[in-house]
Each structure stands twice: as C-alpha cells, then as structure tokens.
Amino acid sequence: MGGIACTWMRGGTSKGAFFLAADLPSDLRERDDLLLRVMGSPDPRQIDGIGGAHPLTSKVAVIGPSDDPRADVDYLFLQVAVDQALVSSAQNCGNILAGVGPFAVEHGLVPADSERTSVRIRMVNSDGFATATFPTPGGQVDHAGSCEIAGVPGAAAPISIAFSGTAGSTCGTLLPTGRVVDTVDGVDVTCIDNGMPTVLIAAADLGATGHENPADLEADTDLADRLAHIRSQAGKLMGLGDVSTTTVPKMTLVAAPLGDGTLDTRTFIPVRCHTSIGVLGALTVGTAVRIPGSVADRLSRHRDDGVVRIEHPTGYFDVDIDLTYTGDAGVDIRRAAVIRTARTLFDGTVYPRPAGPHTEDNS
C-alpha cells in the first residue's frame, strides 16, 4: 500500500508514531498488521521500519474526535513489540499522552486559545480522563521552553497533565487485592493500579539494592526468574489472570532514596528494565507512597513540599498526589498530576514494509 500520514513525536521519555484514527484501518487485525510493518516488527533491530529497537521507542498513539461529552479527543495507546508480532492495547502510556494535546491542536481536532490551551483527553485503554494544558501563544503550539525533565536532554515547554478516573484503570479498583500488602512467594508486595497495574517489592527482599543500573539488573537471570514467578502469582491476585503474554502488571523494585527524593525505583516493563519510569507508573508508585504501611511507604522519605519525588536510573520524576486513606483499603484520591514535555520530531508520510511473510535476517 502507499504511505500514511504520520507524526513522530517525543512524549516525555518515550517516542512514538501518532496517527489520526481516520487514517488507519477500522479492522483491528488489519490495523495491527499495518503497525507492525510501519515499526519494522518483529525484528530485534526493527531495521525495516521506524521503531527504535526498544519498547520505549516502539509506541503508537491513535487520536480522533471523542463522542464523550467529557473529552475533546480520544487517545488509544498501542505498544508494538520489537521482536514479536504483537500489538497490545492492554495499558496506557502517560509519556506518549504528553504529546496528545499538542498533536490534537496541530492537526485541527481542537482549536487553540491565544495563550494557553487545555485539551480534555479520554484514554481509551482504561476509559480514564486527563486534561493537558500547554502554551499556544498567538494560537500556535509552542514546543520551546525552559522545563527540564530527567532523561531528556535540553528543555521544552511544560505540559501540565491532570488525571481523573485512573484509579483501578485496568484492575477495577486501586488496591485490587483489597489489601495494602500481600505476601507472594515469601516476600511482601503492594499491588496497586492508579493508571498502571504495578507490583511493588522492596529490592532488598530480592537480594538487590534497588540502585543498580538497568543493564546489570537485566543480566541477573536469577532475579528475572524470581520476578517472573512473583508476577505470575500477583497477576492472578490482581484479577488479571494469566499475564505471561501481557505487558501488565509492571514490576517495580523500591529502595530508600539516594538523593533528595522520596523513593528510589527500578521498573521492569515487564522484562526490560526501564531507564527511567513511565508517567502512569510514577503516578501509581507515588500513590502507594501516600498509603500508610505500603511497601513504598515503608522505604520512603517524605518531603516537606508535599511532592513525591521518585528517583529512577536517569534522574527523578515529580508527581503531585493528594489522597485520604481511611483504612480497610479505603482510599480517596483528590489530586493526581504531573508535568511533562513533548516535541514534534517529524511530520509527514510513513511507508510500511510491504505485506507478506516476514523473513528475519540477523546477519
């Protein structure tokens, strides 16, 4: 087939291909096959596509007008596997979410205001909602600015993202087991879902410090086997069933902070160790910090400014969480917000690999 209109954007610490929903096939099998060919999957290098050979750079956003009165646009996130013929809609991506508002304005889905524009977004994957607010001086999106986020060189315009309806996004409830702490495979875990189903484990309980670099953690086969076993059991406790072929829940090792943060983290997505932490993952971990007795709370250092600063391998991520815990797993989340940046990298036409049998050549 011919080319398809595509915008390649950095959102937070990820990159992905943004498409208008109307430009993609309505049949899901056809759509997924097309996206695999666009990204160059399955191939560890994604050499015949635009993917970057890593889960953080093999992502897709599908954007269109929303028929929900609470939203301006619908955002469907799709994770395209690198070395498998798999496209998953099982989770949200808060980093790619950062690019949705600017994309919607730049492609005429939402009119811009004269100084700042707010775009209401329905996250189709979880039916949650977010409002992104960003600079639009003179009615034009301005990506330039002085906001810096860890893991991204340079600075860009700040994008404020306020969330609602993320609690229990996939599992149905914030604490899907009904408990703040469960014991799985002999270790304490906190199973929680405030936008991203996550299993929190004290790194020390698995023989790690929680401060290792991602490559060293990935190379630890004993750790990988232990995490997979815990993940399998925790997934069932969280109502997710067999998670062997899914990308959730994420597994996050937590430790006391090394710097001026609240908590240090190492997150597996679910096998590769994240070089930072995802937006909704950070939101979920930050929520756990605020719940007394959770695995995260036990190791955290609470800050005077009320911000939960989550340390990760390449810096930190600040989240603003305000909640009330009433005991018996009762949690009322009053505020959940983050600051991200995004930037359009190119806007044009992408040409997918021709359809047909895929032959892998590792030479």
Original post:
Can Y75 be reached from V62 by stepping across I, L, V, M, F, W or Y side chains whose heavy atoms are under 4.5 Å apart?
Top reply: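 Unlinked, V62 and Y75 end up in two clusters.
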Original post:
Out of curiosity, does I149 fall in the hydrophobic cluster containing F317 (side-chain heavy atoms, cut-off under 4.5 Å, transitive links)?
Top reply: no
Subject >> Closest heavy-atom pair and its distance - I333, A167 >> reply: CD1-CB, 4.2 Å
Subject >> Residue pair M196 / N92: nearest heavy atoms and the distance that separates them >> reply: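 Taking every non-hydrogen atom into account, CE-O, 3.3 Å.
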Between the side chains of [X] and [Y], is a donor N or O closer than 3.5 angstrom to an acceptor N or O?
X: S41; Y: Q46; answer: yes
X: S66; Y: D74; answer: yes
X: S169; Y: S126; answer: no
X: Q91; Y: S88; answer: no

Original post:
By side chain to side chain contact (heavy atoms under 4.5 Å, CB included), which residues pair with D48, not counting sequence neighbours?
Top reply: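 For D48 the side chain to side chain contact (heavy atoms under 4.5 Å, CB included) partners, ignoring immediate neighbours, are R353.
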**OP:** Would you mind checking if R29 and D33 are paired as a salt bridge, meaning a charged N to carboxylate O distance below 4.0 Å?
**Re:**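 Result for this pair is no, no salt bridge flagged.
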Original post:
Is any side-chain N of the basic residue among D68 and R70 closer than 4.0 Å to the acidic one's carboxylate O?
Top reply: yes
**OP:** Check whether more than 12 heavy atoms from other residues, nucleotides or ligands sit under 6.0 Å from atom OH of Y316, and answer yes or no.
**Re:** no
Subject >> Within 6.0 angstrom of R31 CZ, more than 12 heavy atoms from elsewhere >> reply: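 Counting other residues, nucleotides and ligands, CZ of R31 exceeds 12 neighbours.
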**OP:** Take the angle between the ring planes of W8 and F346 and call it parallel below 30°, perpendicular above 60°, tilted in between.
**Re:**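 Ring orientation, 0 to 90° scale: parallel.
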N/O donor to acceptor pairs below 3.5 angstrom from side-chain atoms of residues 274-282, sequence neighbours left out:
from : atom 1 : to   : atom 2 : distance (Å)
H274 : ND1    : S276 : N      : 2.9
H274 : ND1    : S276 : OG     : 3.4
S276 : OG     : T13  : OG1    : 3.3

Original post:
Given the rule in the side-chain hydrogen bond (donor to acceptor under 3.5 Å, both in side chains) test, do S294 and T190 qualify, once you have shown the distances and angles that lead to the verdict?
Top reply: CA-CA 6 Å; S294 75; T190 292; 4.7 Å; no
Original post:
Going by heavy atoms in the side chains, are L34 and F19 under 4.5 Å from each other?
Top reply: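 No - every pair of side-chain heavy atoms lies 4.5 Å or more apart.
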**OP:** Using a 4.5 Å cut-off on heavy atoms from C-beta on, say whether the side chain of S160 contacts that of I339.
**Re:**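 Yes, close enough: below the 4.5 Å cut-off.
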